Structures are given as structure tokens and as C-alpha cells.
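What follows is a short report on a single structure.
These numbers were taken from a predicted model, which means no experiment stands behind them. The figures that follow rest on heavy atoms only: side chains count, while hydrogens, waters and symmetry mates do not.
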Amino acid sequence: MTGEHPACELSTLIAGRLADPGNVPRHIVCRPWWRQSLAHGAPGIALLHIERAAAGLASWRLAHDWLTSLADTPSTAGADSHLFYGAPA
């Protein structure tokens with residue numbers, strides 16, 4: 001225990017488990033929603049690393065790695081996209 005707020009400790013543990021986009025199991029990465037879902041996919045994980053880096057709790061490298069992994073496939077931008085899915089996410 002480091003004396004940090006429990007939420008900070010928890011976010012550190014979660015971010016550590018989600019540090020490398022290459023470690024996500026194949027059966028999840030191949031799902032169409034994985035690269036587009038803010039709530040259940042890679043954009044949410046990228047946002048976790050962005051927020052931690054912005055707060056000075058982690059390196060920007062992790063955020064960059066996750067955003068790079070998202071940039072190699074197209075995003076949905078049509079009528080079925082929204083705040084939590086597709087280009088808006």
C-alpha cells in the first residue's frame with residue numbers, strides 16, 4: 001500500500017494489465033466492435049492511458065501505443081456510429 005487513493009491504486013493495476021495492445025487475446029481483437037467501442041474496446045483503454053498520462057501518473061508512450069493500434073483499421077462513421085461506437089468514440 002502506497003498511501004494513494006484506492007481508485008488511483010486500482011487504475012494503476014488495471015492500466016498495468018492493459019499496457020500492451022499486443023497482449024489482448026486474438027478472439028477479442030478480431031471482433032468488429034473491439035477497435036470502435038469506447039465502453040468495451042480499445043478506445044476506452046486508450047482513454048485510460050491518456051487520462052493517466054495527462055495526470056502525470058504514467059508515460060504518454062502507453063497512450064501512443066494504443067492509439068497507434070487503433071489507427072490501422074477503418075472506423076464506422078455512418079448512421080450506426082454514436083458517442084460510444086465508431087468515429088465519434
Heavy-atom nearest pair, Pro21 first then Trp66, reads CA-CZ2, 3.5 Å
Please tell me whether Leu57 and Leu47 are part of a single hydrophobic cluster in this structure, the criterion being side-chain heavy atoms less than 4.5 Å apart. no
Nearest-0.5 Å distance, CG of residue Leu13 to CD of residue Glu9: 7.5 Å
How long is the straight-line distance from CD of Glu4 back to OG of Ser11, given to the nearest 0.5 Å? 8.0 Å
Using the six-membered ring wherever Trp is involved, compare the ring planes of Trp33 and His40 and label them parallel, tilted or perpendicular (cut-offs 30° and 60°). perpendicular
Report yes or no: do Val24 and Leu48 belong to one cluster of Ile/Leu/Val/Met/Phe/Trp/Tyr joined by side chain heavy-atom distances under 4.5 Å? yes
May I ask whether Trp34 and Ile50 are part of the same hydrophobic cluster, defined by side-chain heavy atoms of I, L, V, M, F, W, Y residues being less than 4.5 angstrom apart, directly or through others? no
Taking only residues at least two apart or on different chains, which pairs with a member in residues 16-32 satisfy side-chain hydrogen bond (donor to acceptor under 3.5 Å, both in side chains)? none
N/O donor-acceptor pair under 3.5 Å between His49 side chain and Leu18 backbone: yes
Would a hydrophobic clustering, with Ile, Leu, Val, Met, Phe, Trp and Tyr connected at side-chain separations under 4.5 Å, put Val29 with Tyr85? yes
Applying the 4.5 Å side-chain criterion to the ILVMFWY set and letting contacts propagate, would Trp60 and Ile45 be lumped into a single cluster? no
In terms of heavy-atom contacts, Leu62 and Ala19 come closest through CD2-O, 3.5 Å
Distance (rounded to the nearest 0.5 Å) between Arg52 CZ and Ile14 CD1: 9.5 Å
